[in-house]
Structures are given as C-alpha cells and as structure tokens.
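Working notes, structure below.
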2 protein chains.
Amino acid sequence: MELRHIRYFMAVAEEMNFTKAAEKLNIAQPPLSRQIKDLENELGTELFERTSHALHLTEAGILFKQYAAQMLEIEGRSKADISKMGSSLKGLVYIATVEGYGPHMLAEWIAGFRKLHPDVSFDIWSGTTDEIVHRTHNGLCDIAIVMEPFSDPDIISKHIHSEPWAAIIPKSDPLASQKGKSIKPEDFAGKPLIMPSRASRNEEFRKWMPDPQKPLNVVCKAAHMINVRELAKTGMGIAIFPRATGIMGDDEYVTVKNIDHPKAIASYLLIKSRKRRISPACEAFWDYALSTKKK
Amino acid sequence: MELRHIRYFMAVAEEMNFTKAAEKLNIAQPPLSRQIKDLENELGTELFERTSHALHLTEAGILFKQYAAQMLEIEGRSKADISKMGSSLKGLVYIATVEGYGPHMLAEWIAGFRKLHPDVSFDIWSGTTDEIVHRTHNGLCDIAIVMEPFSDPDIISKHIHSEPWAAIIPKSDPLASQKGKSIKPEDFAGKPLIMPSRASRNEEFRKWMPDPQKPLNVVCKAAHMINVRELAKTGMGIAIFPRATGIMGDDEYVTVKNIDHPKAIASYLLIKSRKRRISPACEAFWDYALSTKKK
DNA sequence: TGTAGCGATACCTTAAAGGTATAGTAAGAA
DNA sequence: TTCTTACTATACCTTTAAGGTATCGCTACA
C-alpha cells in the first residue's frame, strides 16, 4: 500500500465516479481503476460496489475511508509542523523564466517552497531563452526556466515539462472550422505564419513540414506572447506557439488546435550555472523544484 | 510523499545506519540514500545529520518520526480491522508447486492471505511441472506454481519470480576452490553433470555452452531435489539446479555457485486453468498472490 | 599513513505507473 | 425492443522512477 492508493481512493470516494475522480487527479481513468483494484486485492475486499450507473462504498470501504482520511491528515500535519519549525534558510532567489508554461510552474513551486521556507523571497524576471542564458552567465539570475533547444557546457539543465506546439488559427481561415482538436502540419503548409522570433525555430518548424526544403511563409515574428494572439486575430496568418501560451482557448476570432506531429513538442528546462556558486536557499529551491516537477 | 518513504525513513531511524537499514529492507544502499534524500527535499529539511561515522536525527527528524510511526500504525490497523470484518470467503484451495523457490513463496502468500480470509484453507501438493500441469487440467489442483518453459493455450500463466541456475560442485572438483561466487558455463563444459530430469532442460543447458552442438555429459538425472545434493556429494558430477534448491549453500562436501550466463535464469509461473471454473476463494488467492509477488 | 566503514554519485536495468484504444454492461431514450 | 449514453474494465503500449552495480570520497581509527 502506498499513499498514492490512499489519495486515489479518497478521490473516488468523494466523487463517487471513477471518470470524474481521474480527471480531478489529472490521470486517465484506466490506471485509476487499476490502482483501486490493486488496493482492493491487497486488502482482500472490495471497497466499492460497482453497478454500471451507481457506485457505493462497501462496508469495508466505509471503514477504510476513516483510516485513509487519517493518514492523509497526518501526512499534511507532518509537513506543516516541520515547516513551522522554521528553517534557517533566508535570502533572495533570482529567477527568470520564458513565457508559456514557465510562469505557471514557477508560481506553484514558489508557493510550495515558501510554506517550507518563509524567509526566502523571490525576484522573477521574464524574457527569451537567449536573454535568460545571458543573465545566468552574468549572475543576474540564479535559476531559470528556458526552452529547448539549449545546450551550454557551463550550465546544468534538467528537463521539467513538455507540451505540444499549438496553432492559433484565425476564424477567417477554413482550417478553423475543421473538426478535431488537432491539425497536421500538412494542413497549413505554405500558409502565412506568425511564429516565435528565436532563430532556431524556423529550421525546427520546417522539419515538420511535408517538404522540409521549402521555406516557410513567415509573415510576422514575435518574441513576446502578448502580441501573438492579437496578430492572429487580425487574420494575417496562423500563429504557432507552445500550447500553454494559447491556453485561453477559442474565442470569437481564433481557434486553438494542437499540432499533430511526433516532433512538435516544446520542452522546458530548469537551468543554473555550473560555475557560479549560488546560495543555500537557491540550492534548496533547485532541489525542491526537481523533486516536485509537474506533480 | 509515499508510504515507501515512510517505511524507509523508519528503517534508517531504527538502525541509524543506511547500509544496515538497506539490508533489512532488502534493497541496495544507494537507492535507499536517494529515497531519503527525496523525502528531505520534499520536506525542505534534512532529517538526518550525516557525519561519516555517526548518524543523528535532526530536530525535524525527531518530529517527523512521530508522524511516520503514526502513519504506519494506521496503515496496519486499517488492514487488521478490515480483515476482522470477516470476509464471506470460505473454502478449500488446492495448490500445487514445484520444488525450489515455490514453497517459500507459497508459505508467505498463504500466511498473508489467511489473515484476510481465515475461513479459507489450503491443500498443497508438490511435484514436477509436467505432473502439475496434468493435475491442473484434471481439476486436481486450482492454482499452481510451475517452471518455464511452459505454454498451454488452456492455461493462464503469469510470471512471478526468476532466479539464477546454480551449480552444486563437489569439493573434489578444482572448480570448487575457484574464487568468486559464480562460474561460467565454459568452466564446466564437458564435465559430468547431474541435472533435472525434465526433457527440455538438456537442450536449454546446451545453449549456454561454448559449443551448443556438443552433447552434455549427463551422468545422472533427478526429478526431485532431495536427491540432488546427495548425488553431488559423492563427487560423481556437478549438479545444476535453480538457486533456491541449493540455498543451503556450501558445506563440507559441496560448494554452490551461481551460473554466470545471461540465459541461465530459472523462471517460475503461477498458473490456473482457463476452462475450469474455480471458487471465489481461489480467484481471490490468485489476485492476492499476483498483487503481492515477491514483496 | 594506510585501512576499513559508510554514505554519496554516476550510470544502467527493470518494474510499475500512466496513456490510448476499445470492449463490455446496464440504464434510459426513441 | 433496439439504440444511445454513461460508465468501468481489459488489453496493450510508453514512460517514469525505483532498484541495482561500480566506484568515489570522506573520516575515524589502527
């Protein structure tokens, strides 16, 4: 038995529906079913009585729920108590991140970390991968989130997240009304594109295309996301950006679809300098972030 | 955080020594170090203060130990209480197993299962894989442990354990005094062998040899383990059997060494008939065994 | 100044969690 | 009744992370 089983059990017991519980847990439904079944096998009893349109807790399930709740409560209390003891960690951590999924991850990490170390504060700067790498070398930031491709022998990097590249399609384009939540690169080959200004992207995007030799029809490049959606709205072209950037989804003017191609994956990295020494607070934040990741 | 972390932490806290705790947990020391470190990162504090010849709990460690103990206690109590509720399962499960590791696994499974279902009893029979398969078809046994190779469309099988094949070497043979706890097939190629009487073994063992065409020099075959060691003691040849069979290790007359070859692995399978219906108690035992495996 | 004991690091292998597609089942609608 | 819908279970594949092996580095002690 693992706490994972307990968390999953509680989610199902609260929702009384495997499908909804799985959504809440951010996993697919089949693995949830399997984990619950494993738990039941270990306990030697069914915890839920499944009929196709209703779920009941069995007698054993009701009993187990008490204990399950206790375990989770103790887990939480142990964390709270330890963090209340107050760590000796103090200081200021300089962070930088690219736009897209970075700010979301960062917010969660900082919130979690500050519960453990309330005397550590943060200073966040946002920019492009190239700018951030430069700042990392200079000591203007301790830890940062950048995007692939990236490689620098003086910088330690760890993969932290992947997400699909997405196309923001103006409603004026017939592709916008195509059914399905993803589109293939063939569908927009040759069409006018709005894309990130980073130099390497052009080459990368061409690799998805049916004819990689053919130059892309790039009508506009933008380094900052804030401009992208507005550009797409005007109908001047299809914008290609990491999914989290287009997270606002469809509106009156645009439709957002994932790009369906095995290589159309945007990867985020956590980085720090290999040479420059960073403070204990920074080291602790680095370890904390990596131990938490997407969870 | 998972219960695994808690169990590992408690083991270290009790032994106050990573190496010994790892042994007790039946894992290697490096993964234990890593799990503890992960836990510390999640909590944001060190739980142990490591100096090379002494280990102390930190203040946070002392606090956490309280909660850790509580969690494990609740886990145990939940299992005990659920099993006390009494399941409706009753009956007799007919089990069969080959010699070697089978009886050991079975004993643990039955002990664990009977805590959950005290009204289920067991009848165990021991024999060779071929005999057992026959009995399974006849309905003379419900669930059994046999060895690979095995394949029968009317029988469901699941892999449950692997162990090295081992050589039981008479002290009279110079190989017995060779250093190292394993030997290579080349070392005993051509020497007189004592081996399991199952027909397929001859061909299997030849595949390990430097010249697979050359027939083995088999001086004696034995279907039952009880005879093997005695045969080897006489010095008539080297006996090849699954490691658990030679588990008694070295004595005055023989030395036991694992056979160092990628294919020299003996595999155990749990089987049941695909056609014949078995009782709910049998099904529950099947599920329980597979969910527990080697743990 | 070895030497032995012990934890950490680096790197690889394997097991188990998670994902996708789809089947199976029963309730409710047409 | 049969079709659809709303579920969970099954089968199979991919990916993540636990576990293993080899080795390093530190420090107490002989």
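Just so it is clear, the model here is predicted, and its values are computed rather than measured.
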>> Tell me whether the side-chain N/O atoms of S33(A) come closer than 4.0 Å to OP1 or OP2 in dA9(D).
In response: yes
>> Can you work out whether K37(B) or A28(A) has the more 5'-proximal nearest nucleotide on DNA chain C?
In response: K37(B)
>> What's the closest nucleotide to the side chain of P30(A) if the choices are dT10(D), dA8(C), dG19(C)?
In response: dT10(D)
>> Between R4(B) and dA18(D), is there a contact of a side-chain N or O with OP1 or OP2 at under 4.0 Å?
In response: yes
> Over how many whole Å does the gap from N258(B) atom CG to dT21(D) atom P extend?
Replying inline: 12 Å
> Please give, in whole Å, the distance from dA21(C) P to Q29(A) CD?
Replying inline: 14 Å
>> For a quick test of reading the model: is some side-chain N or O of Q35(A) closer than 4.0 Å to OP1 or OP2 of dA17(C)?
In response: yes
> Given atom OH of Y8(B) and atom C1' of dG7(C), what is their separation to the nearest angstrom?
Replying inline: 17 Å
>> So that I know where these two stand, are F113(A) and H117(A) an aromatic pair - ring centroids less than 6.0 Å apart?
In response: yes
>> Tell me the interatomic distance from R7(B), atom CZ, to dA18(D), atom P, rounded to whole angstroms.
In response: 13 Å
>> Looking only at the side chain of P31(A) (C-beta and beyond, no hydrogens), which of the listed nucleotides dG19(C), dG19(D), dG7(C) gets closest?
In response: dG19(C)
>> E46(A) vs K37(A), test: salt bridge (Lys or Arg N to Asp or Glu O under 4.0 Å). Steps then yes/no.
In response: CA-CA 8 Å; E46(A) 304 235 300; K37(A) 201 183 166 198; over 6 Å; no
> Nearest-Å distance, NE2 (H56(A)) to P (dA26(C))?
Replying inline: 14 Å
> For T19(A) and dA6(D), is the shortest distance between a side-chain N/O and OP1 or OP2 below 4.0 Å?
Replying inline: no
>> Any side-chain N or O of R34(B) below 4.0 angstrom from OP1/OP2 of dA8(C)?
In response: no
> Atom NE2 of H5(B) and atom CD1 of I36(B): how far apart are they, to the nearest 0.5 Å?
Replying inline: 8.0 Å
>> Nearest whole Å is fine: how far is dT16(D) P from I160(A) CD1?
In response: 14 Å
>> Does dA6(D) have OP1 or OP2 under 4.0 Å away from a side-chain N or O of N17(A)?
In response: no
> What distance separates E40(A) CD from I82(B) CD1, expressed to the nearest 0.5 Å?
Replying inline: 10.0 Å
> Between atom CZ in F18(A) and atom C1' in dT10(D), what is the gap in whole Å?
Replying inline: 14 Å
>> Side chains of Q29(A) and S33(A): any donor to acceptor distance under 3.5 Å?
In response: yes
>> Distance check needed: dA6(D) C1' versus M16(A) CE, whole Å only.
In response: 17 Å
